[in-house]
Amino acid sequence: MSRALDAPRAANLDPITIEVIGSALSSIVEETGEALIRASYSTNIKERRDCSTALFDSQGRTLCQAEHIPIHLGSFIGIISHILKNHPVEDIRPGDAFIGNDAYAGGGTHLPDIVLAEPIFVDDRLAAWTVNLAHHADFADRGHAHIYQEGLRIPPIRLYRGGEQQKDVLELILLNCQVPRERLSDLRAQMAANRLGVQRFRALCGKYGADTVLAAGEGLLDHAERKMRAGIAAIPDGTYRFADVFDNPEFDDNLPISVEITVAGDQMRLHFDSPPQLRAGINMTYTALLATVYYVIKSVVDPTIRPNAGLARPLTVTAPEGTILNCVHPAAVNGRIQTCQRVSDIIIGALAQAVPERVIACTNSSCVVATFVGHQPKDGALWVYLETMGGGSGARPTKDGLDGVHVHTTNTSNLPVEALELEYPLTLMRYELIGGSGGPGRFRGGMALRRVYRADAECRVRLDVSRIRSRSWGLFGGLPGSHGGVVAGPGVVFERDNAVLEPGQWFEVITPGAGGYGPPTERAREAVARDLAEDVIDATTAREIYGFPSRGDAT
C-alpha cells in the first residue's frame with residue numbers, strides 16, 4: 001500500500017537552495033516538453049507545438065508549467081483532483097498512467113486536449129505527478145450543440161496499470177478517432193515524455209533528498225504568493241470595470257461580456273458577467289476561466305512570478321454558473337479559445353485604468369482556427385489537418401504592436417508551408433501581412449494576416465473565427481484595428497462556419513488587426529493616407545476605422 005509523502009516545511013531551507021531546485025524543476029518540464037514534440041507524429045504537435053508539460057505535487061498543486069500554452073493550465077489543474085477523488089492514493093502504484101480529456105468529469109477544457117498524468121514515487125511513496133497535454137487534431141467534422149457531439153469523452157482512467165498497457169482502454173479510444181495511427185503515435189510520445197519526467201524528478205530527489213525537494217516546492221509556492229501579493233499591493237486600490245462584445249459565426253448577435261476587478265490591499269477579486277451558455281462551441285469551463293485569469297494577472301502584475309499554484313492564492317475569481325464564461329454540463333466547449341482570448345483583453349481593458357503603463361491595447365482577440373478533413377487522393381486514407389493563425393498584437397505604451405503573431409492564451413507556431421503542402425492535398429496561394437490593418441495611434445497596433453488556401457482534393461473545412469463583426473479597441477485615443485473575415489472563392493459556399501471544397505476551389509482567411517495606443521500623430525495619418533492611395537486599404541476601411549470621409553479627403 002502506498003501513501004503520499006508529506007511536504008516538509010520550507011522555513012529551514014535557504015533561498016539559494018529553493019531557487020536552484022526551482023530552476024531544476026523548470027528544466028524538467030522544459031525537457032519533457034521537447035521530448036514530447038520530437039517524438040510526436042502529427043504536424044499539430046511536432047511542428048506547431050500544440051502541447052504543454054507540467055509538474056504537480058502529491059496534492060495536485062502546480063509546481064511548475066513549461067512556457068508552452070497558457071490555456072492548457074485549465075486542463076492540468078483539474079485532472080489531478082479528479083484522479084485523487086476517484087482513485088485513493090493507496091490504490092495508485094508506480095507505473096500507473098491516467099488519461100483524460102472531459103470538460104466536466106475530467107477537469108479538461110475541450111476534448112481534443114488529451115492529458116496523461118503519471119505518479120512519481122520516491123521511497124515507495126507518492127511524491128509528485130508528471131503531466132503533459134497534447135492537442136489531438138482528430139475530432140473534426142462534428143457538431144457543437146452540446147458536449148456529446150464534440151468527440152470522445154474520457155474521464156481520468158488508467159491507460160497503464162503498474163507499467164502494463166490497458167489494451168482494451170486504448171482500443172476503445174482509437175476506435176473513436178478518425179486518424180487512429182496519429183493518435184497511437186502521439187499517445188506513445190506522451191507516455192515517453194512522462195517517463196522522462198519521472199526519471200528526472202527521481203534523480204533530483206536522489207541528489208538533494210526527497211524531503212529537501214518537497215520542502216523547496218512548498219517554498220516556491222510561498223514565494224510566488226508573496227510576489228503576487230506585493231505586485232497587487234502596488235496597484236491602486238479601487239474597482240475597475242470593462243465591457244466588450246463577443247462575436248462568432250456560430251451565432252448571429254454580438255454578446256456582451258464584462259469584468260469587474262476589485263483591488264484591496266494585496267488581494268484582487270475578478271467577477272465576470274456574460275449571457276447564458278449557448279448551443280455553440282464557445283462556452284468556457286471554470287478551469288478555462290481560471291487559466292486565463294492567472295495568465296493575464298501574472299503578465300500584468302509581475303511576469304517574473306513562477307507559474308505555480310501559489311500565485312493564485314491572492315486571487316478570487318467568480319462568474320455565474322451556466323453562463324458562457326462558466327458553463328455547466330452539457331455545454332459545448334470546442335471553441336473555448338476564442339472566448340478565452342476575449343476575456344484576456346477585457347481584463348487588460350479594466351487594468352489599463354489602474355496601471356496604463358503596464359498594459360497593451362486590445363490584441364486581435366481571436367485565435368482563428370481552420371480544420372480540414374478529407375481523403376488522400378493516392379490511397380483514400382482519411383486525413384485531418386488543424387492550424388491556428390496569428391493576428392495583430394496590441395500597441396504598447398512605448399512601441400508598436402507585434403504583427404501576425406499568436407496572442408494571450410494560445411502560443412502555437414505556424415506550420416511551415418512546405419510541410420503543409422507535403423503532407424496534405426492543400427496549396428497555400430498567399431500568406432502575407434495586411435498593410436493598414438493595425439489601428440493607428442501614437443504607436444500602431446499589430447497587423448493582421450491573410451492566408452489563401454486551395455484544395456487539391458475534395459475536403460471539408462470548418463473555420464472558427466472572431467472579431468468579424470467587431471473591432472479590437474485602442475487605448476487612450478488609439479484607433480481600432482481592422483476586423484477579420486472570410487472570402488469564399490467561386491463556387492465555395494459557407495454554411496455559417498463550414499464549407500465543402502472541390503479540387504481547385506479556394507477561400508481566403510483574414511485575421512483581425514490590433515488596436516493602437518495613444519492618439520494618432522500627423523505622421524500616422526499620413527501613413528493611412530499613403531496606404532489608401534496605394535490601395536493597401538480600401539475607402540471603406542479608411543472611412544470606418546481611420547475617420548477619412550473619402551479618398552479625396554485622405555489624400
With sequence neighbours left out, which residue pairs that include part of residues 172-184 fulfil the side-chain hydrogen bond (donor to acceptor under 3.5 Å, both in side chains) condition? Tyr41-Arg181, His136-Arg183, Asp138-Arg183, Arg183-Asp186
Where at least one partner belongs to residues 328-350, residue pairs that pass ring-ring contact (aromatic ring centres under 6.0 Å, His included), sequence neighbours excluded: Tyr104-His329, Tyr148-His329
Only counting residues at least two apart or in another chain, list the ones meeting side-chain contact (heavy atoms from CB on, under 4.5 Å) with Thr410. Ile337, Gln341, Cys367, His406, Thr412
I need the full list of ring-ring contact (aromatic ring centres under 6.0 Å, His included) pairs touching residues 61-80, with sequence neighbours left out, sorted by first then second residue. none
Pairwise side-chain contact, Arg158 with His87, heavy-atom cut-off 4.5 Å (strictly under): yes
Do NZ/NE/NH1/NH2 and the carboxylate oxygens of Arg469 and Asp252 come within less than 4.0 Å? no
Regarding Gln149 and His144, is there a side-chain donor-to-acceptor distance under 3.5 Å anywhere? no
Relative to the ring of Phe372, is the ring of Trp383 parallel (under 30°), tilted (30 to 60°) or perpendicular (over 60°)? parallel
side-chain contact (heavy atoms from CB on, under 4.5 Å) involving Leu84 - partner list, sequence neighbours excluded: Ile80, Val89, Ile92, Trp129
Taking salt bridge (charged side-chain N to carboxylate O under 4.0 Å, His left out) as the cut-off, I'd like each qualifying pair that reaches into residues 275-290, sequence neighbours left out, listed once. none
Testing the 3.5 Å rule here: is there a donor-acceptor pair between the side chains of Asp345 and Thr363? yes
Mind telling me whether Phe507 and Phe494 have parallel, tilted or perpendicular rings, with 30° and 60° as the class edges? perpendicular
Show me, pair by pair, the donor-acceptor contacts under 3.5 angstrom made by side chains of residues 264-272, not counting sequence neighbours?
from	atom 1	to	atom 2	distance (Å)
Asp266	OD1	Arg229	NH1	3.4
Arg269	NH2	Thr318	OG1	3.4
His271	ND1	Thr318	OG1	2.7

So, using side-chain hydrogen bond (donor to acceptor under 3.5 Å, both in side chains) as the criterion, who are the partners of Thr130 when residues are at least two apart? Asn194
Under the side-chain contact (heavy atoms from CB on, under 4.5 Å) test, which residues partner Ser470, sequence neighbours left out? Val245, Asp247, Arg342, Arg467
With distance as the sole criterion, is a donor-acceptor pair present between the side chains of Asp464 and Asn248 under 3.5 Å? yes
4.5 Å side-chain heavy-atom contact, Leu187 and Leu170: yes
Could you list the residues that satisfy side-chain contact (heavy atoms from CB on, under 4.5 Å) with Arg306, not counting sequence neighbours? Glu19, Ser23, Ser26, Leu220, Asn308
Taken to the nearest 0.5 Å, the spacing of Asp96 CG from Ile83 CD1 works out to 10.0 Å
Suppose the criterion is salt bridge (charged side-chain N to carboxylate O under 4.0 Å, His left out): which pairs have a residue in residues 65-89, not counting sequence neighbours? none
So does Arg496 pair up with Glu250, basic N to acidic O under 4.0 Å? no
Residue pairs passing the salt bridge (charged side-chain N to carboxylate O under 4.0 Å, His left out) test where at least one lies in residues 97-106, sequence neighbours excluded: Asp102-Arg153
